[in-house]
Colleague: 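Shown below is the structure under consideration.
Start at 1 and go down the list; that is how both ligands and their atoms are numbered. The first residue of the sequence shown is numbered 1, and numbering continues consecutively from there.
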Amino acid sequence: MAPELAEAHLRGLLSQLGLDAEYVRGSGDTLWWRKASGEEVPVVDFVGGYGSLVLGHNHPEIVAHARDLLDRQVPVHAQFSYHPYANDLALALNRVLWREFGVDEPYSAIFANTGAEAVEVALKHAEMDRGARVAALRESVEEHLATAPAELVEQVRAHNEGRFDVPPVFLTLAGSFHGKLAGSVQLTHHGGYRLPFRGLAAQARFVSDGEVAKAVEASRVTVLDVVDGQLVERDLPVVAAFFVEPIQGEGGIHVLDEGVAADIRAAADTFGFPVVVDEVQSGVGRTGAFYAASHIGLLGDYIVLAKALGGGLAKSSVLLVRQSRYLPDFELLHSSTFAKDALSCHLGSRVVELLEASDGAAYRQAAARGAALEEALRSVRASFPSVVSDVRGRGLMLGLEFADQSGGPGRLGEFARMGLLGYVLAGYLLNAHHVRVFPTASASHTLRFEPSIAITDSQIEQLVAGLRSACAALRDQDESLLLPG
Ligand code: F0G
């Protein structure tokens with residue numbers, strides 16, 4: 001037998017949980033699982049590529065468009081040349097943004113390949129912006145010192161010593177997930193992912209919901225200046241940006257509170273740092289709007305999109321930066337071989353077209369199918385109030401949280417204590433009900449549901465039947481049903 005070389009350890013874990021199914025075909029919300037016998041079994045997919053399949057697997061129009069591009073031998077990679085198709089996509093994203101937020105300021109687009117990569121682009125752009133603001137402050141202080149009395153100059157220099165070189169602070173909310181690369185992982189709350197790599201890059205501060213103003217205040221560093229012969233304190237730009245998800249996905253499906261969003265916006269406006277709205281998972285239509293932040297009126301200075309932007313075929317992401325904060329020189333400092341490629345830009349434009357068609361019918365469909373799914377999940381909660389503690393989310397980004405089972409007896413309690421209960425339930429639902437769900441990795445007793453806008457009533461019923469028997473087994477502590485073998 002050939003050795004297992006591609007993440008063999010993970011495969012072993014999947015196999016223990018009954019999750020090492022091989023899917024050989026996908027269409028809409030169905031994946032076909034090829035069993036060892038050769039038989040192909042349809043599975044309803046509520047994982048949806050971690051939120052990247054708002055149009056489902058292999059949407060026929062996206063596939064046809066990709067096929068056409070390949071047939072026409074469109075050059076996929078033509079770096080350092082004119083890319084009108086990237087501009088077309090940027091314009092399409094802007095048009096939707098202007099409509100949903102009622103603004104008209106253009107946002108410049110910097111393309112990347114993955115969600116975490118676009119977050120890293122935002123980190124770098126924000127730090128470049130902060131660096132320029134620090135330099136401007138330093139220059140202005142120096143200018144004032146040139147004509148200030150000698151004793152004040154000495155005092156100012158002693159106080160300011162080293163302060164202009166303080167590292168940036170990035171703020172984000174507790175429970176956030178912004179990626180797993182060297183910089184973005186610092187903004188990902190889960191200590192298991194973050195702490196082994198904390199030496200690699202600038203640290204974030206994780207802010208609780210009600211403590212935005214307090215956290216910004218606590219991050220303040222001032223320098224001294226001399227104005228009109230008097231010593232004055234001036235704020236040093238320490239906070240480089242505030243990163244926020246309109247709906248936390250990987251952290252357990254938590255919808256951002258409108259008041260907290262307003263606090264973040266107000267703090268950013270007061271201190272001059274950008275708000276980075278991470279729409280990697282919530283964006284591109286799934287919540288009933290293209291930008292989930294538009295539901296709560298949170299206009300980012302930067303907006304990050306990825307996942308569904310690729311139409312389920314391409315790997316693509318983009319950072320949008322409002323013109324008034326955009327640094328053109330950044331374009332000469334940052335690049336990526338594969339970013340802005342023709343295939344992902346063309347497919348991204350087609351995704352926007354499909355969502356915008358018929359006056360936004362797809363958004364209405366997302367909202368309606370989301371409402372149907374949410375109602376179904378709530379009916380499960382109503383039947384099993386001791387087992388299901390919450391149902392939450394918006395549109396087709398929903399979570400169902402199980403009550404804490406970690407104090408429970410037997411192997412179920414043991415799995416819960418290891419943070420694996422959600423995966424045990426996923427294994428049961430797959431094998432016994434042919435339904436694919438996963439917990440959110442940072443909140444492992446919350447299952448998340450992110451199907452496409454085409455999810456049907458009967459597919460939802462199949463999920464509900466599975467969830468009901470899983471809940472009954474949890475209530476009755478029926479290990480043998482959930483943990484066969
Ligand atoms: N930001 C958010 C809000 C995300 O949900 C993710 C990924 C990323 C950034 C990173 O994107 O994986 O393309 O590099 N979320 C996945 C999840 C991993 O499980 O929800 P990536």
Colleague: Quick check: K307 and ligand 1, any N/O pair under 3.5 Å apart?
Modeller: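 It does: an N or O of K307 is found under 3.5 Å from an N or O of ligand 1.
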Colleague: Hey, which of H190, Q248, E250 is the one that makes side-chain hydrogen bond (donor to acceptor under 3.5 Å, both in side chains) with S442?
Modeller: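 For S442, the side-chain hydrogen bond (donor to acceptor under 3.5 Å, both in side chains) check succeeds only for E250.
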Colleague: Hey, do the aromatic rings of H189 and F177 have their centres closer than 6.0 Å?
Modeller: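 Here the rings of F177 and H189 have centres that are no less than 6.0 Å from each other.
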Colleague: Please say whether A116 places an N or O atom under 3.5 Å from an N or O atom belonging to ligand 1.
Modeller: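 A116 vs ligand 1: N/O contact under 3.5 Å present.
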Colleague: What do you think, any protein heavy atom under 4.0 angstrom from atom 21 (P) of ligand 1?
Modeller: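 Within 4.0 Å: yes, protein heavy atom nearby.
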Colleague: Can you check salt bridge (charged side-chain N to carboxylate O under 4.0 Å, His left out) on R378 and E374, steps first, answer last?
Modeller: CA-CA 6 Å; R378 289 198 186 283; E374 185 174 343; 2.7 Å; yes
Colleague: Are the side chain of S444 and the backbone of T440 linked by a donor-acceptor contact shorter than 3.5 Å?
Modeller: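 No; judged by distance alone, with no hydrogens or angles, the pair does not exist.
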Colleague: Is E279 in contact with ligand 1, taking contact as a heavy-atom separation below 4.0 Å?
Modeller: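 So E279 does not count as touching ligand 1.
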Colleague: So if I count the atoms of ligand 1 from 1 in the order they appear, which ones are less than 4.0 Å from some heavy atom of H178?
Modeller: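 Here the atoms of ligand 1 in question are 1 (N), 9 (C).
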Colleague: Which of the numbered atoms in ligand 1 are below 4.0 angstrom from a heavy atom of R448?
Modeller: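 Selected atoms, number and element: 17 (C), 19 (O), 20 (O).
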Colleague: Is it the case that the side chain of Q186 and the backbone of F197 share a donor-acceptor pair, with hydrogens and angles ignored and the cut-off at 3.5 Å?
Modeller: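 Yes: the side chain of Q186 pairs with the backbone of F197.
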Colleague: Are any of the N/O atoms in D278 less than 3.5 Å from those in ligand 1?
Modeller: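 Min N/O separation from ligand 1 is below 3.5 Å for D278.
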Colleague: Decide whether the shortest distance between a heavy atom of K180 and an atom of ligand 1 is less than 4.0 Å.
Modeller: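 Heavy atoms of K180 never come under 4.0 Å of ligand 1.
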Colleague: What about E250: any of its N or O atoms under 3.5 Å from an N or O on ligand 1?
Modeller: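 No, E250 has no N/O under 3.5 Å of an N/O on ligand 1.
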Colleague: If you round to the nearest 0.5 Å, how far is CZ of F438 from OG1 of T446?
Modeller: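 It is 15.0 Å, given to the nearest 0.5 Å.
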Colleague: Would K307 and Y50 count as a cation-pi pair here, with the cationic atom under 6.0 angstrom from the ring centre and within 45° of the axis?
Modeller: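 Because its charged atom misses either the 6.0 Å distance or the 45° angle limit, K307 does not stack over Y50.
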Colleague: Quick test: of every protein heavy atom, which one is nearest to atom 5 (O) of ligand 1, and how far off is it to 0.1 Å?
Modeller: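 Scanning the protein heavy atoms, the shortest distance from atom 5 (O) of ligand 1 goes to Q281 NE2, 2.7 Å.
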Colleague: For T114, take its heavy atoms, then give the atoms of ligand 1 lying under 4.0 Å from any of them.
Modeller: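 Selected atoms, number and element: 13 (O), 14 (O).
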Colleague: Would one find an N or O of G115, backbone or side chain, under 3.5 Å from an N or O of ligand 1?
Modeller: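 Yes.
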Colleague: When the aromatic ring centroids of F111 and H83 are compared, is their separation below 6.0 Å?
Modeller: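 Centroid distance F111-H83: not below 6.0 Å, so no.
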Colleague: For the pair D301 and R265, find out whether any cationic side-chain nitrogen is under 4.0 Å from an anionic carboxylate oxygen.
Modeller: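 R265 and D301: salt-bridged.
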Colleague: What are the atoms of ligand 1, with element, lying closer than 4.0 Å to any heavy atom of E245?
Modeller: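 Once the distances to E245 are compared, the set is 3 (C).
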